[in-house]
Novice: 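Mind having a look at this structure? Questions to follow.
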Amino acid sequence: MTPGTIEAIRDWKERRRAVILAHNYQRPEVQDIGDFVGDSLELSRRAAEVDAEVIVFCGVHFMAETAAIISPGKTVLLPDPAAGCPMADMITAAALTTKKDEHPGVPVVCYVNSSAAVKALSDICCTSSNALAVVESLPGDEVLFVPDYNLGHWVATRTTKRVILWDGFCPTHVWIRPADVERMVEEHPEAVVMVHPECSPDVVAVADEVLSTGRMLQAAKTSPAQEFIVGTEMGILHRLERENPGKAFFHLSGHAVCPNMKKITLEKVLKALETMAPRVRVDEPEASAARRALDRMLAVR
Ligand code: 13P
Ligand code: SF4
């Protein structure tokens with residue numbers, strides 16, 4: 001990092017009346033310059049409420065797009081336009097339309113890890129921290145859940161509704177295998193095993209807790225346990241360790257790193273503030289239709 005980058009970011013942030021929102025998987029130094037660091041749901045709420053003209057979104061494209069949909073009056077910048085999410089690319093609007101035709105009348109629950117076009121065709125969005133509550137909030141006894149198979153499968157084990165699944169997945173979380181959990185539990189038998197619901201069902205089955213990144217951070221603080229085995233993207237360890245000095249955190253797999261989340265660097269944040277680009281926009285009528293699905297999610301408590 002060039003000396004002075006952090007000071008320059010602070011300076012430009014003030015000039016632009018900007019806030020920096022950062023996801024829990026961002027590089028440690030990017031999290032550290034965030035005005036707010038959180039999980040997908042917390043960041044969506046923050047984007048809706050924050051009093052600023054510009055949001056610099058340190059995360060992946062669907063997150064910045066969500067912020068742009070929720071806050072149409074603000075300029076949303078994504079410091080690297082190539083920071084995508086392979087799971088979000090595993091469903092298209094055309095493929096969802098075909099699936100909806102096969103299941104007429106069945107409400108569509110769409111994980112926020114999806115494009116605006118897919119959200120626009122969905123009844124309601126969800127994140128990993130409210131997926132079960134969202135599914136339970138719907139009338140009827142069936143839902144179509146897209147695009148994450150593993151999150152949908154986890155919800156299906158907790159609801160009486162029939163959950164029709166899509167076959168999307170997170171390439172980062174599926175690196176984590178039950179053998180990693182077994183090995184780590186053998187080394188740290190007292191530790192609580194907490195994994196993200198994007199992990200595969202055989203990993204979820206051997207975990208103590210299945211939690212979003214935000215809920216992992218809460219659990220680490222409030223639990224009397226002193227040791228935790230963590231099954232999600234590596235970036236979460238920065239906050240877990242900083243916010244819980246004295247507690248120990250063991251990451252399940254060195255492979256569980258999201259290359260897209262790591263594309264955001266301090267230099268790119270600075271450049272985005274200087275140039276006011278790359279900007280993420282969503283056009284009408286797609287934006288309004290996607291906003292309806294996001295607003296419905298935000299109303300579920
Ligand atoms: P959280 O909503 O738990 O932060 O999960 C996000 C995620 O998978 C981002 O890719
Ligand atoms: Fe997408 Fe997985 Fe990366 Fe999250 S961790 S952005 S789901 S690829």
Side-chain angles (χ1 to χ4, degrees), residues 21-27 30-31 34 36-47 57-67 70 78-91 109-115 118 125-134 145-155 166-176 194-200 203-204 207 209-220 230-240 251-264 280 294 297-298 300:
L21 302 185
H23 188 265
N24 290 323
Y25 296 159
Q26 288 292 291
R27 294 168 183 271
V30 173
Q31 294 191 32
F36 182 77
V37 186
D39 71 9
S40 308
L41 183 61
E42 293 164 335
L43 291 169
S44 306
R45 289 200 194 286
R46 205 42 84 108
F57 210 111
C58 299
V60 290
H61 187 268
F62 75 81
M63 295 181 172
E65 201 176 52
T66 297
I70 290 180
L78 176 64
D80 187 330
C85 169
M87 182 201 288
D89 297 336
M90 291 177 189
I91 183 167
V109 179
C110 159
Y111 191 26
V112 285
N113 300 35
S114 53
S115 66
V118 166
C125 291
C126 75
T127 73
S128 58
S129 68
N130 63 11
L132 181 59
V134 163
F145 192 100
V146 300
D148 188 13
Y149 179 93
N150 292 339
L151 177 61
H153 182 277
W154 177 73
V155 169
W166 196 264
D167 59 1
F169 64 92
C170 165
T172 296
H173 282 83
V174 299
W175 273 109
I176 300 170
M194 48 186 192
V195 305
H196 197 275
E198 287 178 13
C199 291
S200 51
V203 170
V204 162
E209 305 281 353
V210 182
L211 302 166
S212 68
T213 60
R215 295 246 166 104
M216 282 185 189
L217 285 151
Q218 283 166 16
V230 182
T232 191
E233 209 274 347
M234 185 94 122
I236 188 81
L237 290 184
H238 180 58
R239 280 189 68 192
L240 283 172
H251 191 230
L252 268 177
S253 166
H255 294 295
V257 176
C258 175
N260 286 289
M261 284 283 179
K262 304 310 184 217
K263 285 187 175 142
I264 310 296
V280 176
L294 284 162
M297 168 186 85
L298 293 172
V300 173

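Numbers for residues simply follow the sequence, beginning at 1. In each ligand, atom 1 is the first atom listed, and ligand 1 is the first ligand listed.
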Novice: Do V204 and N150 come within less than 4.5 Å of each other through their side chains, counting heavy atoms only?
Specialist: no
Novice: For the pair K262 (side chain) and V257 (backbone), establish whether a donor and an acceptor sit closer than 3.5 Å, ignoring hydrogens and angles.
Specialist: no
Novice: Distance check, rounded to the nearest 0.5 Å: D80 atom CG versus N260 atom CG?
Specialist: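 The CG atom of N260 is 8.5 Å from CG of D80, to the nearest 0.5 Å.
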Novice: What do we get for M63 next to ligand 1 when only non-hydrogen atoms under 4.0 Å count, side chain, backbone, both or neither?
Specialist: side chain
Novice: Just to be sure I understand the site: which N, O or S atoms from the protein are less than 2.8 Å away from atom 2 (Fe) of ligand 2?
Specialist: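 For atom 2 (Fe) of ligand 2, the protein N, O and S atoms that sit under 2.8 Å away are C170 SG.
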Novice: Flag T213 as yes when one of its N or O atoms lies below 3.5 Å from any N or O atom of ligand 1, and as no otherwise.
Specialist: yes
Novice: If you define the side chain from C-beta out and look only at heavy atoms, does anything of T127 sit under 4.5 Å from M297?
Specialist: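 T127 reaches M297 side chain to side chain.
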Novice: For atom 7 (C) of ligand 1, grab the closest protein heavy atom and report residue, atom and distance to one decimal in Å.
Specialist: E198 OE2, 3.6 Å
Novice: Looking at atom 2 (O) of ligand 1, what's its closest protein heavy atom, distance included?
Specialist: S40 OG, 2.8 Å
Novice: State whether a side-chain donor-acceptor pair under 3.5 Å links T232 with Y25.
Specialist: yes
Novice: Less than 4.5 Å apart, side chain to side chain, heavy atoms only: is that true for M216 and V230?
Specialist: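 A side-chain contact under 4.5 Å exists here.
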Novice: In terms of atom number and element, which parts of ligand 1 are under 4.0 angstrom from non-hydrogen atoms of S212?
Specialist: 3 (O)
Novice: Please determine whether any non-hydrogen atom of H196 lies less than 4.0 Å from an atom of ligand 1.
Specialist: yes
Novice: Checking R215 side chain against S129 main chain: does a donor-acceptor pair fall under 3.5 Å?
Specialist: yes
Novice: Would you give the length of the straight line joining atom CD1 of I70 to atom CG of L298, rounded to the nearest 0.5 angstrom?
Specialist: 5.0 Å
Novice: Ignoring hydrogens and geometry, is there a side-chain-to-backbone donor-acceptor pair from E233 to H173 under 3.5 Å?
Specialist: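 Flag not set: sc E233 to bb H173 has no pair under 3.5 Å.
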Novice: Short N/O distance, under 3.5 Å, between S128 and ligand 1?
Specialist: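 Yes, since at least one N or O of S128 sits under 3.5 Å from an N or O of ligand 1.
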Novice: Please indicate whether any nitrogen or oxygen in T127 is less than 3.5 Å from any nitrogen or oxygen in ligand 1.
Specialist: no
Novice: Of all the atoms in ligand 1, which lie at a distance below 4.0 Å from a heavy atom belonging to Y111?
Specialist: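 The list of qualifying atoms is 8 (O).
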Novice: For S129, state whether at least one heavy atom is located under 4.0 Å from any atom of ligand 1.
Specialist: no
Novice: Would you mind telling me if ligand 1 is within reach of the side chain of N113, the backbone, both or neither, using heavy atoms under 4.0 Å?
Specialist: side chain
Novice: Using a plain distance cutoff, I'd like to know if D39 has any nitrogen or oxygen under 3.5 Å from a nitrogen or oxygen of ligand 1.
Specialist: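 D39 vs ligand 1: no N/O contact under 3.5 Å.
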Novice: Could you tell me if the side chain of M90 sits less than 4.5 Å from the side chain of Y149, heavy atoms only?
Specialist: no
Novice: Quick check: do V280 and F57 have side-chain heavy atoms less than 4.5 Å from each other?
Specialist: no
Novice: Main chain of G34, side chain of Q26: is a donor-acceptor contact present, judged purely on distance under 3.5 Å?
Specialist: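 Not at all, since once roles are kept as given, no pair shorter than 3.5 Å links the two residues.
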Novice: Tell me which part of H23 gets within contact of ligand 1: side chain, backbone, both or neither, using heavy atoms under 4.0 Å.
Specialist: side chain
